[in-house]
Every structure is written in structure tokens, then in C-alpha cells.
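Here the structure comes first, spelled out in C-alpha cells, and everything after it is commentary.
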Amino acid sequence: MKLSEVVKNYLATRDVCNAYGVDLETSVRMFDEFQGRPATAADLSAISYADFATWLKPKCKTATTVNNRLRQLKTVWFYAAELRQCDNPPRKLKRLRESPAPIVGWNVEQFGKLLEVLESQLREPSPLADYFLESFAPTRELTPESHRVMAAAMRRFDRFSSNAPVAAVSLAMVAEFFTQLGNDVGQQTAVNIRGHVLTVLRHAWSSPAGIVTVRSSITNDAAIARAALWLGWNTGLRRGDLFAARREALAGNQLTIRQNKTGREIRRNLWPQTLAALQAVKHTGPTLLPRKSMRRVGEVIKDACRVAGVPAGVFKFARRGSASEVERIAPGTGWKHCGHTSPDVFPKHYAIQSICGDAVPEPPMPAVSPG
């Protein structure tokens, strides 16, 4: 059986996200390229695996990327063995030695810039992105990945046009955008963005009522992202726990959450700014934040990072940053802000050295009488 068929069968029987499925398919395609033909399960062996690792080195930027490709191929290998197409992989297989990745996150100044961008999105229109979300996307069956990529293309055009109304967009403006695009991104990316923008503009121009848009979707996405970030920075807790928090968990300004990972109950006092951001979210469900928006809001945050000029990151960047700021102020307490059960994990995965440095708490001074 071809490995491409093994991957299709695997994805059909597993509940995995689209991005992971794409990664598996990409790793198998690279193994096909390495073999010089469509690879089969019979091609999987410790020797071919090691040779594939060597072949990957010049094609990947880091050892971590190589090891990820190898892990993905190993996943397919295990499933092929489960289908009795080959033997199980050996217990020990070649891996590259990885350099410790630096711990990155936002400091308090970067976090403030990010919030300012989200605040501006609540005030300023983004016409073509609004049109895409409100009028175009609901009429199409788009995959989550297509929705994300097309929305990003619309926001890029809105930034170029200084948020010009869709009705005021001219062919000359579009041509100028395409020219600049060719200088800013790779050829294939430029072709993709041009195609997305033209598709949505043609739809808008051909619909007499299409250019009148409602801003509810994009405005609320920015409001949810702002509230989630305030909540994450304020509490230091995990994204999944915060999006699962129910309304009854908030009593006054105190939020009580039972962490899904550890089972421990955590209490946090929320700032007035955090409470105000939560109140600005249009959501009537049983949770403080709409759970279905979690992935979409992540894309809003990444886009806001690019506009703010801060490291493009995910929700965990806020968690690491706030915990590191706590560690800087009160050495030895950052892990408690994260809700960890012990201090062991914090220095390895959360402490940003540029913020908290090598802070070590001083021991208490004993009260001893002189002499």
C-alpha cells in the first residue's frame, strides 16, 4: 500500500486538526521525493528512516523541523503496521540533537501595543475583510484553512488601501496593490493573495447590495481577542481553561476555575480592565467567552501582532510574559501565577530570561541579637 493511501486512511479514522493532517501528508510527500517514487509501507525501515533524516537536513531550517518530519513519518509507520502492511518501527530510531529553543513571549510593553491594535480594530472599519466575513464567506463552503488564508488576504488589502470603502476601490488601486505585493512576498504567495482579493472584489462589485456590510463579526472577534488576552495576562491560566470558564465561575471580581490539566481549583481577582473587556464581548452562551471562536481568535491575535510590530505568537506568549513579569517582581512566584503544581516546569518552558533574568529569591534574614 502506498504511504499516501495510508495517510488518507489514518486521517479518515482519526479526529485530528487540519493543520496536523497537512503536516502528515507533507512528510509523506517528502519521503516520496526522497525515494524518487511513490513510497510504500514496504519502504519503511531503520536504514531508510536514517537516510531520510540525512536527506532532510539541508531542506529544513532547524533540527527541530527535521525531527518533526521524522515523528510524523513514524506516526504513519505505526499506522501502516496496524494495518499489517509492515512491521512496527524499532524502538530506537535516528533523531537529530536539538538546541534548546529560546523561551519567547511578550513583555508588558509589547502586550500593551498588541492591546492598542485590537482597540483600534474595535473603532476602525476594515471594509474588504468585513465584506468577506459578512457577505462572501457565508455563501461558500470554505475549509477553516481557506477561511483563515482569505481573511488574512483581505486584511492585507485593507491595510494597503487605508481601509477604503469597497465601493471606492478602483482597478488602479488594485493594480498598485498587486505591484507592491510582488515586492513584499514570494511569487506563489503573491499569486494566491491576488486570486483571493480578486475573487472577493468581483463578488462585491457584481452584487448591488453586496457592498453594504455589517461589522458585527470582525468587531466581535477583536473584542473576544482583547478579552481573552486581558484574561490570560491577568490570571496566567491556560487558554482552554479560560474559554471553558462558565459565567457562574465569576463572582464579583473573583474568578474560580478548576484546571482541566491538574484538577486544581484556582482563584484569581480580575482587574477592572479585564471585567470591562469581558463585558464588551457579544456572547449570550453559558461561558464567559465563546468556545467555538478560540481558533479564529488566535488568527486575529497573530494578525494584530504583525500590525503592532511585536513577535508573532499565540496565547501562550501572554501567559509566559505575565508569569515572567511576576517572577521579576517577586522571584520564586512565577510558577504559582501559571497555576503549576510544582516550580520545576516554569524555568524550563515559561521563564523569559530577558524579563526575569536569573532572579533568585533571597533567604529571610534571621533575627539575631548583636554580640
Side-chain angles (χ1 to χ4, degrees), residues 4 7 17-39 52 55-69 72-73 104 117 126-133 136-137 140-164 166 168-206 218 295-296 298-314:
S4 57
V7 171
C17 70
N18 292 334
Y20 183 64
V22 170
D23 283 341
L24 289 177
E25 291 170 341
T26 301
S27 296
V28 167
R29 279 198 301 271
M30 295 183 81
F31 191 70
D32 289 344
E33 185 181 346
F34 160 70
Q35 292 285 345
R37 55 178 172 75
F52 181 51
W55 181 84
L56 281 172
K57 284 183 185 179
K59 298 182 179 295
C60 300
K61 291 183 178 179
T62 65
T64 300
T65 305
V66 172
N67 288 334
N68 285 341
R69 293 296 176 203
Q72 289 149 10
L73 181 65
V104 292
V117 170
S126 185
L128 194 59
D130 291 352
Y131 178 82
F132 168 77
L133 292 168
F136 182 87
R140 301 291 194 276
E141 292 185 0
L142 300 174
T143 64
E145 180 66 12
S146 296
H147 191 286
R148 181 189 69 79
V149 170
M150 291 188 74
M154 303 311 119
R155 289 192 290 269
R156 178 184 280 270
F157 180 81
D158 284 332
R159 289 196 296 272
F160 166 81
S161 67
S162 300
N163 294 324
V166 178
V169 174
S170 64
L171 288 175
M173 184 186 296
V174 174
E176 187 180 349
F177 170 67
F178 290 167
T179 301
Q180 180 176 314
L181 200 60
N183 299 326
D184 294 344
V185 299
Q187 182 179 358
Q188 188 57 54
T189 303
V191 169
N192 293 341
I193 293 175
R194 284 199 291 265
H196 296 325
V197 169
L198 282 176
T199 298
V200 176
L201 281 174
R202 287 194 191 105
H203 187 276
W205 289 337
S206 64
I218 191 166
R295 181 171 296 180
R296 188 173 70 248
E299 297 303 328
V300 172
I301 292 173
K302 288 180 183 178
D303 189 57
C305 287
R306 288 189 286 271
V307 177
V310 303
V314 292

Problem - Closest non-hydrogen atom pair between Ala312 and Cys305, with its separation - result: CA-CB, 3.7 Å
Problem - Closest approach of Cys60 to Val66 (non-hydrogen atoms, all atoms of both residues) - result: CB-CG2, 3.6 Å
Exercise for the section: Please round to the nearest 0.5 Å and tell me the distance separating atom CZ of Arg194 and atom CG of Leu201. Expected result: 14.0 Å
Completion exercise
Rounded to the nearest 0.5 Å, the CD1 atom of Ile193 sits from the CG atom of Leu181 at a distance of 4.5 Å
Exercise for the section: Quick one: list whatever passes ring-ring contact (aromatic ring centres under 6.0 Å, His included) with Phe178, sequence neighbours left out. Expected result: none
Completion exercise
From the list Phe132, Phe177, Tyr131, ring-ring contact (aromatic ring centres under 6.0 Å, His included) with Phe157 holds only for Phe177
Fill in the blank from the handout: Closest non-hydrogen contact found for Pro127 with Ala164 is CG-O, 3.3 Å
Exercise for the section: Check the pair Glu33 / Lys59 against side chain to side chain contact (heavy atoms under 4.5 Å, CB included), numbers first and verdict last. Expected result: CA-CA 12 Å; Glu33 185 181 346; Lys59 298 182 179 295; 4.0 Å; yes
Exercise for the section: Decide yes or no for Asp303 and Arg159: does some side-chain heavy atom of the first lie under 4.5 Å from some side-chain heavy atom of the second? Expected result: yes
Exercise for the section: Would you indicate whether the side-chain heavy atoms of Val314 and Ile301 approach each other to under 4.5 Å? Expected result: no
Exercise for the section: For the pair His203 and Phe136, name the ring-plane relationship: parallel under 30°, tilted 30 to 60°, perpendicular over 60°. Expected result: perpendicular
Problem - Interatomic distance, Asn67 atom CG to Gln72 atom CD [nearest 0.5 angstrom] - result: 10.5 Å
Exercise for the section: Please name the pair of heavy atoms, one in Ala129 and one in Arg155, separated by the smallest distance, quoted to 0.1 Å. Expected result: CB-CG, 3.7 Å
Completion exercise
Output for pair (Thr189 OG1, Asp184 CG), nearest 0.5 Å, gives 11.5 Å
Exercise for the section: List for me each residue that meets side chain to side chain contact (heavy atoms under 4.5 Å, CB included) alongside Val22, sequence neighbours excluded, and say none if there are none. Expected result: Thr26
Handout entry: Arg29 CZ to Asp32 CG distance, which is reported to the nearest 0.5 Å
Key = 9.0 Å
Exercise for the section: For residues Asp158 and Asp130, determine if any side-chain heavy atom of one lies less than 4.5 Å from a side-chain heavy atom of the other. Expected result: no
Practice task
Quick one: closest heavy-atom pair of Met173 and Ala168, and the distance?
Solution key: CE-O, 4.3 Å
Problem - Closest contact, heavy atoms only, Phe31 versus Ala39 - result: CD2-CB, 3.5 Å
Exercise for the section: Classify the side-chain pair Gln188/Asn192 by whether it contains a donor and acceptor separated by less than 3.5 Å. Expected result: yes
Fill in the blank from the handout: So salt bridge (Lys or Arg N to Asp or Glu O under 4.0 Å) across residues 142-153, not counting sequence neighbours, yields Glu145-Arg148, Arg148-Glu299
